[in-house]
Trainee: 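Encoded as structure tokens, here's the structure I'll be asking about.
All values derive from a computational prediction rather than experimental measurement. Chain letters run A, B, ... following the sequence lines, proteins first and then strands; every chain starts at 1.
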Amino acid sequence: MNNKNFYITTPIYYPSGKPHMGHAYSSIIADILARFNKIDGKSVFFLTGTDEHGLKIQREAEKNNKNPIEFCNELSKKFKDLTLTLNLSNNDFIRTTEKRHYESVKNIWNKLYDNGNIYLDKYSGWYSVSDEAYYDEDETETIDGNKIAKSSGSKVDWVEEESYFFRLSKWSEKLLEHYDKNPEFILPPSRKKEVVNFVKKGLKDLSVSRTSFTWGIKVPQNNKHVIYVWLDALTNYISALNYPNINDKLYKEFWPANIHIIGKDILRFHAIYWPAFLMAAEIKLPDRVYGHGWILSDEKKMSKSLGNILDPIEIIDKYGIDQLRYYLMKDVSLGNDGNISLENLTNCINNDLANNYGNLCQRVLTFVEKNCDNSIPIPSKRTVEDEVFNKRIIDEVDKLRSLMNKQDINNYIKTVVNFSFEANKYFNDTEPWSFKKTDKIRMEQIIFTILVQIKNISILLNPIIPVATKKVFKMMNLNPEDCKIQNINNNDILKHKKKLNEKNILFKKVENDN
RNA sequence: CGCGGGGUGGAGCAGCCUGGUAGCUCGCAAGGCUCAUAACCUUGAGGUCGGCGGUUCAAAUCCGCCCCCCGCAACCA
């Protein structure tokens, strides 16, 4: 692992239902960071995948009269299809039902077992069959002589189950030390506070096996048990790099990961269990875990009963993938929960994409077509105004890079969109149309200057809206390979006198028909 | 006193760590331009920054108390 390489992951998704907006959101964030690092010259490995074991899936499979793996093939495919729908640039798609993952998990299990971090004991508690969940004593109450769970009201029974445990408790201090020494291991800071306070209260050992179902990876020492969720699921992040073969090229180049993108709901597992497992297995820890907020609809979690579901696939069908990507990144503050609505989506598409960036491209390229022989003009003499205008972006590249390295996608977009405003203003103020007859040389200089700006804005927007920016490069007859951060300060990629390709409206406006 | 987040013009948010004329996008009003997707540019109206109190020359920003909303509270992706 060196700073030329960049490894980023999405959560490993549990495909018990169809993919929803939360999955799309996590994946889009990760994709944008992956794409940015790619155009910034890094070698990027971007992983996503599905976590396919467990009781829920076993039951569903039985209900559908399928064997679990057949059933998983179908479920997993929906998530794999989503990577295409979302236009993800992932290098791999891992499934926890794959052989490579089995080997990886068994290896890490054995390591933990052999070095005394896993032991056999009994797991006990108040179990609700209908909730499929254990409850603590204080989460239950007795009504009319029946013991019930407070939260659901369902009947609970005292159940004891043999289980293997991971000695999580003994890692508390080490974890706190790690958080302390690596202040950006958990981001955003508010999430870190939550985790630190939680760990400070002391950790209980973690049950890492089950005997109540069979759909999983068998415990090597005892085939009555299957390895339970987290030790199985989280390990995917190294399985995909061909762990346990630590001399493998992928593993050597990309572990430890630069960042795991996850939702705040699974923060604890990624910020506590995962580093503890890794420390216990003497594997290096990832650099960062970023727990983003939730996407809400009408201030609430989306649910069928509330009827406020915004389905990513439907939205993409109707509005387009770049539109959804841009909207989610622009309108939702990454670390916090964010409300989304169709109304805001259409506003965002119409204003930022259609009227601003889209129309900028349209007005300039049309101008080139009509007044510059449809080819990129030769610049002559730049005025101070031209110079200052172009330089603004060049001067901000370092700042933009550091925003992306902090996962501050909101401010990144804000800054870039501002360049688009400035470009429209420049075009207005310099009035190239007024030179059509009087000073063609000045006119061509203005057009060249703004083409440079469109090129640069498009490079910067490429990670967010890859389809549209690729179109712009095509329309300008630029080599798509040149869509790189380093070319922001390189105008040689704009070949003079080169004819533009056919152009189309980039973003159509949407009627607000809600 | 369990942990954490939030309460800022009509809407959605930033600013709070590192106090000093309250910022952005949308919406609204007026003007300009005409190259462009009735797009673009400029200007303006609109806020006692949840409440009370404290520190300070100065507080949205620091401290204390209170009110309201939302997550988490361990095996649930």
Trainee: Could you please name the option among B/A77, B/C26, B/A74 that lies closest to any side-chain atom of A/R268?
Mentor: B/A74

Trainee: Of the options B/A36, B/G27, B/C41, whose atoms approach the side-chain atoms of A/N351 most closely?
Mentor: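 So the nucleotide nearest the side chain must be B/G27.
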
Trainee: I want to verify a distance call: between B/A36, B/G71, B/C76, whose nearest atom is closest to the A/W294 side chain?
Mentor: B/G71

Trainee: If the cut-off is 4.0 Å, is A/K509 near the phosphate of B/A39, judged by side-chain N/O to OP1 or OP2?
Mentor: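 Yes, A/K509 has a side-chain N/O under 4.0 Å of OP1/OP2 on B/A39.
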
Trainee: Do the rings of A/F389 and A/Y426 sit parallel, tilted or perpendicular, given the 30° and 60° boundaries?
Mentor: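 Ring orientation of A/F389 relative to A/Y426: parallel.
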
Trainee: Any idea which of B/U25, B/A36, B/U37 is nearest the A/F421 side chain?
Mentor: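 It is B/U25.
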
Trainee: Students often get this wrong, so: under 4.0 angstrom with heavy atoms, is A/I266 touching a base, only sugar-phosphate, or nothing?
Mentor: sugar-phosphate

Trainee: For A/Y13 and B/A77, what is the distance between atoms OH and C1' respectively, to the nearest whole Å?
Mentor: 10 Å

Trainee: Would you say the base of B/C35 stacks on A/W433 (centre-to-centre below 5.5 Å, plane angle below 30°)?
Mentor: yes

Trainee: Both A/V364 and A/V208 contact RNA chain B. Which one's nearest nucleotide lies toward the 5' end?
Mentor: A/V364

Trainee: Please work out if A/K204 contacts a base, only the sugar-phosphate, or nothing of the nucleic acid, heavy-atom cut-off 4.0 Å.
Mentor: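 Base contact.
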
Trainee: Can you give the dot-bracket line for RNA chain B, using ( ) for pairs inside the strand, [ ] for pairs that cross earlier ones, | for pairs with another strand and . for unpaired bases, where Watson-Crick and G-U count if both distances are under 3.5 Å?
Mentor: .(((((((.[[[[.)....(..]]]].(((((.......))))).....[[[[[..)....]]]]])))))).....

Trainee: Taking atom C1' in both B/A73 and B/G12, what distance in whole Å separates the two?
Mentor: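 So the two C1' atoms sit 31 Å from each other.
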
Trainee: I need the CZ-C1' distance between A/F427 and B/G32, as an integer number of Å.
Mentor: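 Rounded to the whole Å, the gap is 17 Å.
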
Trainee: Using atom CD of A/E194 as one end and atom C1' of B/G6 as the other, report the distance to the nearest whole Å.
Mentor: 13 Å

Trainee: Tell me what A/D265 touches on the nucleic acid: a base, only sugar-phosphate, or nothing, going by heavy atoms under 4.0 Å.
Mentor: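 Base, at least one base heavy atom under 4.0 Å.
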
Trainee: Indicate, with a heavy-atom threshold strictly under 4.0 Å, whether A/Y228 touches base, sugar-phosphate, or nothing.
Mentor: sugar-phosphate

Trainee: Look at all strands and tell whether A/L365 reaches a base, only sugar-phosphate, or nothing, counting heavy atoms closer than 4.0 Å.
Mentor: nothing

Trainee: Are any of A/Y123's side-chain N or O atoms less than 4.0 Å away from OP1 or OP2 of B/C75?
Mentor: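 So the side-chain polar atoms of A/Y123 do come within 4.0 Å of the phosphate oxygens OP1 or OP2 of B/C75, strictly under.
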
Trainee: In the structure I gave you, are the side-chain heavy atoms of A/N456 and A/N390 within less than 4.5 Å of one another anywhere?
Mentor: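 With C-beta onward as the side chain, the pair stays apart.
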
Trainee: Categorize A/F367 for me: base, sugar-phosphate, or nothing, with a 4.0 angstrom heavy-atom threshold over every strand shown.
Mentor: sugar-phosphate

Trainee: Does A/Y273 make a side-chain N or O approach to OP1 or OP2 of B/A74 shorter than 4.0 Å?
Mentor: no

Trainee: Which listed nucleotide (B/U37, B/A74, B/C26) is nearest to the side chain of A/A354?
Mentor: B/U37

Trainee: Do A/D51 and B/A77 have a side chain to base donor-acceptor pair shorter than 3.5 Å?
Mentor: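 For A/D51, whose side chain was compared with the base of B/A77, there is no donor-acceptor pair (under 3.5 Å).
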
Trainee: On the nucleotide B/C40, are OP1 or OP2 found under 4.0 Å from the side-chain N or O atoms that A/N428 carries?
Mentor: no

Trainee: I'd like to check the salt bridge (Lys or Arg N to Asp or Glu O under 4.0 Å) partners of A/D232; sequence neighbours left out, ordered by chain and number.
Mentor: none

Trainee: Below the 4.0 Å mark, does B/G2 have OP1 or OP2 next to a side-chain nitrogen or oxygen of A/K201?
Mentor: no

Trainee: Run the numbers on A/V368 and A/I376 for side-chain contact (heavy atoms from CB on, under 4.5 Å), then give the verdict.
Mentor: CA-CA 7 Å; A/V368 171; A/I376 297 175; 5.9 Å; no

Trainee: Using a heavy-atom cut-off of 4.0 Å across all strands, would you classify A/S190 as base, sugar-phosphate, or nothing?
Mentor: sugar-phosphate

Trainee: For the pair A/E396 and A/K399, find out whether any cationic side-chain nitrogen is under 4.0 Å from an anionic carboxylate oxygen.
Mentor: yes

Trainee: Say you pick atom C1' in B/C63 and the same atom in B/U55; how far apart are they, in whole Å?
Mentor: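 That atom pair is separated by 7 Å.
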
Trainee: For the CG atom of A/L175 and the NZ atom of A/K200, what is their distance to the nearest 0.5 Å?
Mentor: 13.0 Å

Trainee: Which comes earlier along RNA chain B counting from the 5' end, the contact point of A/E431 or that of A/N418, where each point is its nearest nucleotide?
Mentor: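 Result of the comparison: A/N418.
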
Trainee: Can a salt bridge be assigned to the pair A/D205 and A/K170 using a cut-off of 4.0 Å between side-chain N and carboxylate O?
Mentor: no

Trainee: With rounding to the closest Å, how many angstrom separate the P atoms on B/U8 and B/G47?
Mentor: 15 Å

Trainee: Expressed as a whole number of angstroms, how long is the span from A/L231:CG to B/A77:C1'?
Mentor: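 Between C1' of B/A77 and CG of A/L231: 16 Å.
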
Trainee: At under 4.0 Å between heavy atoms, what does A/D205 touch on the DNA or RNA strands: base, sugar-phosphate, or nothing?
Mentor: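 Counting heavy atoms under 4.0 Å across all strands, the contact made by A/D205 includes a base.
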
Trainee: If the P atom of B/G50 is compared with that of B/G7, how far apart are they to the nearest Å?
Mentor: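 After rounding to an integer number of Å, I get 7 Å for this pair.
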
Trainee: Select base, sugar-phosphate, or nothing to describe what A/G291 touches, counting heavy atoms under 4.0 Å on all strands.
Mentor: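 Nothing, no heavy atom under 4.0 Å.
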
Trainee: To the nearest Å, how far apart are A/N197 CG and B/C1 C1'?
Mentor: 15 Å

Trainee: Return the value, rounded to whole Å, for the distance between atom CD1 of A/I454 and atom C1' of B/A36.
Mentor: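 Rounded to whole Å, this separation is 11 Å.
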
Trainee: Closest approach to the side chain of A/F507, judged atom by atom: which nucleotide of B/A74, B/U37, B/A77 is it?
Mentor: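 It is B/U37.
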
Trainee: With a 6.0 Å cut-off on the ring centroids, do A/H53 and A/Y102 count as close?
Mentor: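 They qualify: ring centres under 6.0 Å apart.
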
Trainee: For B/C26 and B/G2, measure between their C1' atoms and round to the nearest Å.
Mentor: 41 Å

Trainee: With the side chain of A/N424 defined as its heavy atoms from C-beta on, choose the nearest nucleotide among B/C75, B/C41, B/C35.
Mentor: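 My answer, after comparing the listed nucleotides, is B/C41.
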
Trainee: How many Å lie between CG on A/L187 and P on B/G5, as a whole number?
Mentor: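 Distance check: A/L187 CG to B/G5 P gives 15 Å.
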
Trainee: What's the CG-C1' distance between A/N371 and B/A36, to the nearest Å?
Mentor: 12 Å

Trainee: Which nucleotide, B/G71, B/U37, B/C40, lies nearest any side-chain atom of A/Q362?
Mentor: B/U37

Trainee: Checking ring-ring contact (aromatic ring centres under 6.0 Å, His included) against A/H225, which of A/W109, A/Y164, A/Y123, A/Y113 comes through?
Mentor: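 Checked A/W109, A/Y164, A/Y123, A/Y113 against A/H225; only one passes ring-ring contact (aromatic ring centres under 6.0 Å, His included): A/Y164.
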
Trainee: Take A/F277 and A/W230 through the ring pair (Phe, Tyr, Trp, His ring centres under 6.0 Å) test and state the conclusion after the steps.
Mentor: CA-CA 10 Å; A/F277 293 155; A/W230 296 109; 9.0 Å; no

Trainee: Among the nucleotides B/G71, B/A77, B/U25, which one has an atom lying closest to any side-chain atom of A/K330?
Mentor: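 Among the listed nucleotides, the one closest to the side chain of A/K330 is B/U25.
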
Trainee: Across the strands shown, which category fits A/L506 at heavy-atom distances under 4.0 angstrom: base, sugar-phosphate, nothing?
Mentor: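 Base contact.
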
Trainee: Using the C1' atom in both, what is the distance from B/U21 to B/U25, to the nearest Å?
Mentor: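 That atom pair is separated by 23 Å.
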
Trainee: What integer number of Å spans the C1' atoms of B/U43 and B/C33?
Mentor: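 Their C1' atoms lie roughly 15 Å apart.
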
Trainee: Looking for any heavy atom pair under 4.0 Å, which part of the strands does A/N359 touch: base, sugar-phosphate only, or nothing?
Mentor: base

Trainee: Under 4.0 Å between a side-chain nitrogen and a carboxylate oxygen: does that hold for A/E422 and A/K425?
Mentor: no

Trainee: How would you label the contact of A/R191 with the nucleic acid (heavy atoms, under 4.0 Å): base, sugar-phosphate, or nothing?
Mentor: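 Touches nothing.
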
Trainee: Taking the side chain as everything from C-beta on, heavy atoms only, tell me whether A/V226 gets closer than 4.5 Å to A/W215.
Mentor: no

Trainee: If we take the P atom in both B/G15 and B/G20, what is their distance in whole Å?
Mentor: 14 Å

